[in-house]
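These values consider heavy atoms only, across backbone and side chains, with no hydrogens, waters or symmetry-generated copies.
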Amino acid sequence: LEGNQGPYRLQGANNELYFVVLAGTEKVFIDGQLMQRGADQDYIINYNTAEVTFTPKRMITQDSRIQVEFEYSDQNYLNANLYLYNETNFDKKLKLRFAVFSNSDARNSPINQTLDADQKKFLFGIGDSINKAFYPVAPIDTLGLGKILYQKIDTTYIAANGFVFNDSIYVYSVNPNVTLYNLSFADVGVGNGDYVPDLNGINGNVYKWIAPVNGQKQGQFQAAQFLVTPKTQRVITLGADYSVNKNTTLTSDLAASHYDVNTLSTLGKTGDDGYAARVQLKNIHPFTSTKNGLQLTTNLGYEYVDATFNPVEPIRQVEFYREWGLPLQPSAQNEALYSSSFELGDKKKNFVKYEFDGYDRGNSFHGIRNSISSNKEVDGWHINDLVSLTTSKSDTANGYYIKPSIEIFKKFSKLADYTFGVSYVVEDNVIRDKLTDTVSATSFAYQTFQAYMKSPEKNTNNWGITYAQRDNYYPYGKDMVK
């Protein structure tokens, strides 16, 4: 929402709302830029309630992209954590790295839940499909002040094949002459449950059964509790840096992971193990004939990540998938990334850089990106510009993503070192369906112009003023319209 500085409540990996964030583990990004914590910086966070609030220094608009990475403790089982790291140098030519990370829940020592034999058998049966770990629980209870109880009745419904099926359901009741149950309803997702909230004015949350339609469930809740499974995660990495000569370095890394999301079961374990590999060659070629320290830096790299590889922390930049025109969290697939860059720069940090990247996801996505960026200073004026073009092909669509930008600013010593600048940014991401030739709903485009003035950073108190104008374009049929 426009101007809503928070607080924003964080959600856990399983959509939990109540947990404790481990202090200092959070990374808060706005539009891909890392924010700083502090009342005089960009945001503050309440670790106990998992809420983030942004300060006036970083104003939130309806177009802001807020992403938060964090670690949290759910304390469902006794847990053992192990980390080992070693680095060895050989004659300043070769450096070897080795690391092991292990985190395991004690499956026989739960903390916040007690599992009986039937529940353990249920968890064994679901294997690694822990999203189905909703166990039916219906304890018998008696009427009392403030209690919301249900009775069990029989009903019928027509299945997708046209046959009539009998079923037992729960309905809200205050009848003391029947067996009553004290139920807990879990949110299992729209279309996965048999119950929906009954907004009938009763003081409390009451749920009612809704019949399936053509065999498809119509509710969002189920009379069940979510059972948390014990988990084990291990990651082993081996890396090497080899100096071919004083200007050329070869770097390689190999990693293997094991992630078992349900150690109470031996079913469905084919996706527990994964691996990843990376190799990079870097060369710095100085031009000794020049006085300004001109040098050419070349990088060549290749990276492969298995679909079942599970790192401890994200290995991609926060907006990596967005820059390739993909959803924020695409489904796991084998990934191959090859890259090259050539940068010509001097000792004054002026440079021009060309990059060529390729990205494959399984057999369904192939993308190519070309970009040119530069930074230069002319008579105190700083000029930063970037032009990037990404083209992609998938099984169902073709797309392009063009992103030109430029920023010009200067610090004026005659005006008490105040900085004046302007910037212009365009992003045009269009994904077009191969069959219908229409623009997909995930396409976006905008252009932004900004002019600003900032006080010197060395001052005790800082302030600035910015004028911004943004024009958005949205998919409509075969075109992007304003």
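- Between Y8 and F54, some side-chain heavy-atom pair lies under the 4.5 Å cut-off.
- Ring pair F287/H285 is perpendicular by interplanar angle, where above 60° counts as perpendicular and below 30° as parallel.
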### Task
Check the pair Q329 / Y321 against side-chain hydrogen bond (donor to acceptor under 3.5 Å, both in side chains), numbers first and verdict last.
CA-CA 8 Å; Q329 293 181 327; Y321 296 111; over 6 Å; no
### Message
The test is side-chain hydrogen bond (donor to acceptor under 3.5 Å, both in side chains); show your working for H258 and D272 and say whether it passes.
### Response
CA-CA 5 Å; H258 174 79; D272 285 1; 4.8 Å; no
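- Ring-centre distance between F19 and Y72: below the 6.0 Å cut-off.
- Not counting sequence neighbours, the partners of F409 by the ring pair (Phe, Tyr, Trp, His ring centres under 6.0 Å) test are H382.
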### Task
Would you please test Q220 and N192 for side-chain hydrogen bond (donor to acceptor under 3.5 Å, both in side chains) and show each step?
CA-CA 6 Å; Q220 184 178 346; N192 296 319; over 6 Å; no
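- Looking at residues two or more places apart in sequence or on another chain, you find no ring pair (Phe, Tyr, Trp, His ring centres under 6.0 Å) involving F309.
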### Query
How far apart are the C-alpha atoms of D471 and K482, what are their side-chain angles, what is the distance that settles it, and do they pass the side chain to side chain contact (heavy atoms under 4.5 Å, CB included) test?
CA-CA 7 Å; D471 296 322; K482 188 173 180 178; 3.7 Å; yes
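- Between D306 and T308, the side chains place a donor N or O and an acceptor N or O closer than 3.5 Å (distance only, hydrogens not considered).
- The salt bridge (Lys or Arg N to Asp or Glu O under 4.0 Å) test applied to D241 returns R97, not counting sequence neighbours.
- Pairs engaging residues 460-482 under the ring-ring contact (aromatic ring centres under 6.0 Å, His included) rule: Y418-W463 [sequence neighbours left out].
- Sparse packing is recorded around NZ of K348, with 12 or fewer heavy atoms of other residues, nucleotides or ligands lying under 6.0 Å away.
- A cation-pi contact links R316 to F320, judged by a cut-off of 6.0 Å to the six-membered ring centre and 45° from its axis.
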### Message
The test is side-chain hydrogen bond (donor to acceptor under 3.5 Å, both in side chains); show your working for Y424 and Q447 and say whether it passes.
### Response
CA-CA 7 Å; Y424 182 67; Q447 56 182 0; 2.7 Å; yes
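- A salt bridge links D357 with R369: the closest approach of a Lys/Arg side-chain nitrogen to an acidic carboxylate oxygen falls below 4.0 angstrom.
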Compile the donor-acceptor pairs under 3.5 Å between side chains in residues 383-392 and protein atoms, sequence neighbours left out, one pair per line.
from, atom 1, to, atom 2, distance (Å)
D385, OD1, S374, OG, 2.9
D385, OD2, S374, OG, 2.7
D385, OD2, K376, NZ, 3.3

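- Under the side chain to side chain contact (heavy atoms under 4.5 Å, CB included) criterion, I126 pairs with F122, L123, A133, N262, sequence neighbours left out.
- Under the side chain to side chain contact (heavy atoms under 4.5 Å, CB included) criterion, K414 pairs with no residue, sequence neighbours left out.
- Residues satisfying the side chain to side chain contact (heavy atoms under 4.5 Å, CB included) test with D194, not counting sequence neighbours, are W209, K217, Q222.
- Under 4.0 Å is where a charged nitrogen must lie from a carboxylate oxygen, and between D417 and K458 at least one such pair does.
- Within the 6.0 Å centre-distance limit, the rings of F221 and Y207 are counted as a close aromatic pair.
- Side-chain contact, T263 with D260: no donor N or O sits under 3.5 Å from an acceptor N or O.
- The closest side-chain heavy-atom distance from V28 to F70 is not below 4.5 Å.
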Please tabulate, one pair per line, all N/O donor-acceptor pairs under 3.5 Å involving side-chain atoms of residues 275-284, not counting sequence neighbours.
from, atom 1, to, atom 2, distance (Å)
R278, NH2, D253, OD2, 3.0
Q280, NE2, N299, OD1, 3.4
N283, ND2, T248, OG1, 2.7

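- For the residue pair Y354 and N370, a side-chain donor N or O sits within less than 3.5 Å of a side-chain acceptor on the partner.
- Residues E313 and E71 share a closest heavy-atom pair of OE2-OE2, 3.6 Å.
- Under the 4.5 Å side-chain criterion, counting only non-hydrogen atoms from C-beta, T396 is not in contact with K434.
- Using modelled atom types and a 3.5 Å distance limit, the side chains of E355 and S340 yield no donor-acceptor pair.
- Every residue two or more places apart in sequence or in another chain that forms a side chain to side chain contact (heavy atoms under 4.5 Å, CB included) with Y47 is listed here: V21, A23, E26, R37, I45.
- Between the side chain of R432 and the backbone N or O of K478 there is at least one donor-acceptor pair closer than 3.5 Å.
- Using modelled atom types and a 3.5 Å distance limit, the side chains of Y85 and E87 yield a donor-acceptor pair.
- Taking the ring pair (Phe, Tyr, Trp, His ring centres under 6.0 Å) definition, one finds that F420 meets it with F412, sequence neighbours left out.
- Salt-bridge annotation for R322 and E427: present, with a side-chain N of the basic residue lying under 4.0 Å from a carboxylate O of the acidic one.
- Listed by chain and number, the residues in a ring pair (Phe, Tyr, Trp, His ring centres under 6.0 Å) with Y43 amount to none (sequence neighbours excluded).
- Side-chain polar atoms of E323 and Y401 form no donor-acceptor pair below 3.5 angstrom.
- A donor-acceptor pair shorter than 3.5 Å can be found between the side chains of N79 and N103.
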